[in-house]
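Quick notes on the structure that follows.
Residue numbers start from 1 in every chain, and the chains themselves are labelled A, B, ... in the order their sequence lines are given, proteins ahead of strands. In this text, all values refer to a predicted model and were calculated from it rather than measured experimentally.
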Amino acid sequence: MLFTPSNKKVLALVDCNSFYCSCERLFAPHLEKKPVVVLSNNDGCVVSRTDEAKALGIPMGIPYFKIRDFVKKHQVAVFSSNYALYGDISARIMKVLSQFTPEIEVYSIDEAFLDLTGFSNLQEYGLKIREMVKKLIGIPVSIGMAPTKVLAKVANRIAKKKNGHGGIFDLNDPQTQDSVLETIDVQDIWGIGYKSAEKLNRIKIKTAKDLRDANEHTIQKLLTVVGRRIVRELRGELCLPLELLRKDRKQIVCGRGFGKPVFELEEIKEALANYVTLAAERLRKQKSVCGTVQVILHTNPFKNTTQYFNQASITLLTGTSSTNTLIRAASMGLERIYQQGFEYKKVGVILINLCPANRNQMDLLSYRSISSSDSCMEAIDKINARMGRNALKFGACGTNDDWKMLAKLKSRCYTTKWNEILAV
DNA sequence: TCTGGGGTCCTAGGACCC
DNA sequence: TCTGGGGTCCTAGGACCC
């Protein structure tokens, strides 16, 4: 066969089948071929189902209390979720996958994109990957191959759904793409959610093929650049490259619903302190400090009672990863928004304004917008020395020009009153 | 009685600056 | 002090994903 030079990428999306359920099956082999579901936190709703459970008609996300009797009747095995276990198994799988290519993006707990550009006999290679993961870890995976991420997602869907593909589907061939995209509902494309699908349907775009062949500008007007990228990816043009390095989180969220309604501030505070502790651990793990702590407090939207949703943001003078400091800030925020008389359902904390811990305070607060210069720093240091620590919260500007510096200092991002600075 | 939790990216609009 | 245009930054909110 002739070798055809091509700059086309070959990406493979490896996706674990019913991941959480498959993990539970590892320790309960007798559940092979039996219906299994895994529930969310507090056993709230179904978050993972095996094919057998799907066949029984159990939908994703259904509240558990609605199917409790049904589940008993059909002898469905039910598990509470065990995220520590799933995380551990996931890490092992990724390790196995990275032996097949160094170019791997771990996309989620149960998915990874692999760059297989240049490999020959993809079908066989895919089978090998599949066998290896099954043999070493015990988890079944499906593999979709295509020139772009969006197409690889489509391919994976087919590998997973249709029997007779051996869990692998190659969508690199343009003719195959043509016939396959026709059968894919626009709503089932990666990145097209419920709202966007509605908009597309309104202008008679129903299938993935319709979307691929649509006018880019029309789509951009409708769905912003996000939609336009999807169109291009469907055409085989790579717009979403592999992200090989794991980036630091830009925000860290930690919160959970209470099992029962809660009324008292102290009780909420205690829960919040726990979440802050967890969030702070994650923060330190990625070696970042946090500049702003946001607290959220909700009543139960499913309940027919007076609703209350609120949030408070606390800006810290100095970036920190200290659990105690963060808890103090969060408690302050909570006190600000807590009101008596509501049945609270959920509290949580969001750490935002994160930056690497090896930057100092000045850098933290100017991290995103303003670049620094020494003379400016010196001036600010002097002002702070005269007026007390942290009189000037933000620092730095891009030039030595005194006038420009003063203009910067006058702007609203500096907390000290201008007259006081003049007095120095 | 009981309805998950943790993320990202994009845009519009306001505030502020020169 | 007034004027307007253009640029940048910040935030809230929307949409989406697993």
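- Between the CD1 atom of Ile350(A) and the P atom of dG5(B) there is a distance of 13 Å, rounded to whole Å.
- Relative to the side chain of Val225(A), the nucleotides dT11(B), dC17(C), dG6(B) differ in distance, and dT11(B) lies closest.
- A salt bridge between Glu216(A) and Arg229(A) is absent, with no side-chain N of the basic residue lying under 4.0 Å from a carboxylate O of the acidic one.
- Here Arg256(A) reaches the OP1 or OP2 of dG6(B): one of its side-chain N or O atoms lies under 4.0 Å away.
- Between Arg49(A) atom CZ and dC18(C) atom P there is a gap of 14 Å when expressed in whole angstrom units.
- Taking atom CG on Leu283(A) and atom P on dG7(B), their separation rounds to 11 Å, with Å as the unit.
- Residue Asp110(A) has its side chain nearest to dC18(C) when only dC18(C), dG4(B), dG7(B) are considered.
- Asn310(A) and Tyr308(A) are linked by a side-chain donor-acceptor pair at a separation below 3.5 angstrom, with hydrogens and angles left out of the test.
- Within the 4.0 angstrom heavy-atom criterion, no nucleotide atom of any strand lies near Gly61(A).
- No hydrogens or angles considered: nothing links the side chains of Thr292(A) and Gln294(A) as a donor-acceptor pair under 3.5 Å.
- Here the nucleotide nearest the side chain of Arg229(A), chosen from dC9(B), dC2(B), dG4(B), is dC9(B).
- For Lys250(A), the listed nucleotide lying nearest its side chain is dC9(B); candidates were dC9(B), dG5(B), dT3(B).
- If you check dA15(C), dG6(B), dC18(C) against the side chain of Lys153(A), the one that comes closest is dC18(C).
- Here dG5(B) presents its P atom at 13 Å from CG of Leu278(A), a figure rounded to the nearest Å.
- Across all strands, Glu111(A) comes closer than 4.0 Å only to sugar-phosphate atoms, never to a base (heavy-atom distances).
- Between dT3(B) and dC18(C), the two P atoms lie 24 Å apart (nearest whole Å).
- No donor-acceptor contact under 3.5 angstrom links the side chains of Ser322(A) and Asn324(A), judged on distance only.
- A donor-acceptor pair under 3.5 Å links the side-chain atoms of Thr101(A) to the main chain of Asp115(A), judged by distance alone.
- No contact: Lys66(A) has no heavy atom under 4.0 Å from any strand.
- Relative to the side chain of Gln311(A), the nucleotides dG6(B), dA12(C), dG4(B) differ in distance, and dA12(C) lies closest.
- Within the nucleic acid shown, Leu39(A) has no heavy atom closer than 4.0 Å to any nucleic acid atom.
- Atom NZ in Lys345(A) sits roughly 8 Å away from atom C1' in dC2(B) (whole-Å rounding).
- Contacts of Gly348(A) with the nucleic acid, taken as non-hydrogen atoms under 4.0 Å apart, are absent.
- Taking atom CD1 on Ile192(A) and atom P on dC16(C), their separation rounds to 8 Å, with Å as the unit.
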